[in-house]
Amino acid sequence: MSELTYGPAEDGRDTIRQTSDPLGILTSTRAVVDQASHVRINMEQIEQLGKHWLQEEAQGQKPLMPLWDERYHFSDGTGRTVNWLLLLDALNFCFWAEKDQPRWTIDYQGQTLNGYWAEAAALKRAVEEGLPLWDAEYLHTISEQTIAHIFRGSGTIPLFEQRVLNAREVGHVLLERYGGQFTNAIEQTAHDAIQLVLLLERDFPSFRDVAVYRGQPVRFLKRAQITVADINGSFHGQDWGNFTRQDQLTIFADYKLPQVLREYNVLEYDVHLARRIDAKELIQSGSEEEIEIRACTIWACELLRQSLQRQEHAITAAEIDMRLWLLGQSSEEMRPYHRARTMYY
Ligand SMILES: Nc1nc2c(c(CN[C@H]3C=C[C@H](O)[C@@H]3O)cn2[C@@H]2O[C@H](COP(=O)(O)O)[C@@H](O)[C@H]2O)c(=O)[nH]1
């Protein structure tokens, strides 16, 4: 596989030079970007965003890459944490509510949390209350009542039934193939980030985030990739979190990054799609619109990475991802993110 890069060529035309793409994500999403009819990447705005970030850094506003947040993540430095993180990311999707409905929230340590933070804190709260969520045997047969208790709060976590199935799948596959320990999968793949993502895609069906666009497969693998990034983050790059080729992961195509990129005018939606998203209408999961939004998000970030690299500023997709995602955590003033009901992100 070879990465598609965008850069001035001898004859002045923008050519696509090849670099590595071991997960087949850049290549398959590039085909969507080239055909997209609902979403467009604005190259000038990518250069602007890159310059804006470089100016911020020149003024000493280097973004503090957040250390792993221990407040809401279970972390005991052992293989139990690795299994807990796998469960976290098996359930790490779709936290938004129906149009004009309040989001699901939980109360934890005196704080009311929603979204991803509510999911993480709920799973940490459960461990603190004595539920062995790191235990594959326990997960394999976990009941709906127990999952409901874990996520108890105001309202109901969306796609509840899917979360029960995904939790059981984690337990079942860990027992069947990895002696109940996901650390065995890390060892089997020799701490290679790319191989571990591919193992998740192969062995854990709920992580198989691959769409079909005009008859062709399009690979996103968002939760498989973020699982590796989260294990790396939780262990501060040491021990179970020490991976090779992590720089070859792409950004994680969720629903917040497109919202932020659209705010920076990097992503442009056609007038019909924009109206539907701004009206918070549901976008069909697997639709051309949804796949184009996700594929253009991946390539906008790849082109941003290449632009920054050309300006002598090396940065990984995961670092771009974290910076954009954190911007999306204060996105109340932004136009809405797209709403596709799916367990993939
Ligand atoms: N692209 C990308 N998407 C990410 C994350 C995270 C959290 N991870 C970091 C957080 C702490 C640790 O440092 C982890 O590294 C969650 N999500 C996605 O966002 C959505 C939830 O958003 P809201 O509704 O606002 O809670 C949902 O699709 C969820 O899957 C990320 O990092 N990147």
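Order of listing sets the numbers, starting from 1, for every ligand and every atom in it. None of the values given here were measured: they were computed from a predicted structure. In this chain, numbering begins with 1 at the start of the sequence shown.
- When side chains are defined from C-beta on, Y344 does not count as touching F93, because their heavy atoms never get closer than 4.5 Å.
- Between W104 and F151, the ring center distance clears the sub-6.0 Å criterion.
- Taking the side chain as every heavy atom from C-beta outward, S154 and R103 never approach each other to under 4.5 Å.
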Where does ligand 1 get N/O contacts under 3.5 Å from the protein, atom by atom?
unit_1, atom_1, unit_2, atom_2, d
ligand 1, 1 (N), F252, O, 2.9
ligand 1, 1 (N), D321, OD1, 3.4
ligand 1, 1 (N), D321, OD2, 2.8
ligand 1, 3 (N), D254, OD2, 3.3
ligand 1, 15 (O), D230, OD1, 3.0
ligand 1, 17 (N), W325, NE1, 3.3
ligand 1, 19 (O), D254, OD2, 3.2
ligand 1, 19 (O), W325, NE1, 2.9
ligand 1, 24 (O), R103, NH1, 3.0
ligand 1, 24 (O), R103, NH2, 2.8
ligand 1, 24 (O), Y255, OH, 2.8
ligand 1, 25 (O), K256, NZ, 2.6
ligand 1, 25 (O), Q329, NE2, 2.9
ligand 1, 26 (O), Y116, N, 2.7
ligand 1, 30 (O), N92, O, 3.1
ligand 1, 30 (O), N92, OD1, 2.7
ligand 1, 30 (O), K222, NZ, 2.4
ligand 1, 33 (N), D321, OD1, 2.7

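- Every residue meeting the salt bridge (charged side-chain N to carboxylate O under 4.0 Å, His left out) condition with R276, not counting sequence neighbours, appears here in chain and number order: E281, E289.
- Aromatic ring centroids of H73 and F235 lie 6.0 Å or more apart.
- Taking the six-membered ring where tryptophan is involved, the planes of W96 and Y255 are perpendicular, since the angle between them exceeds 60° and thus also 30°.
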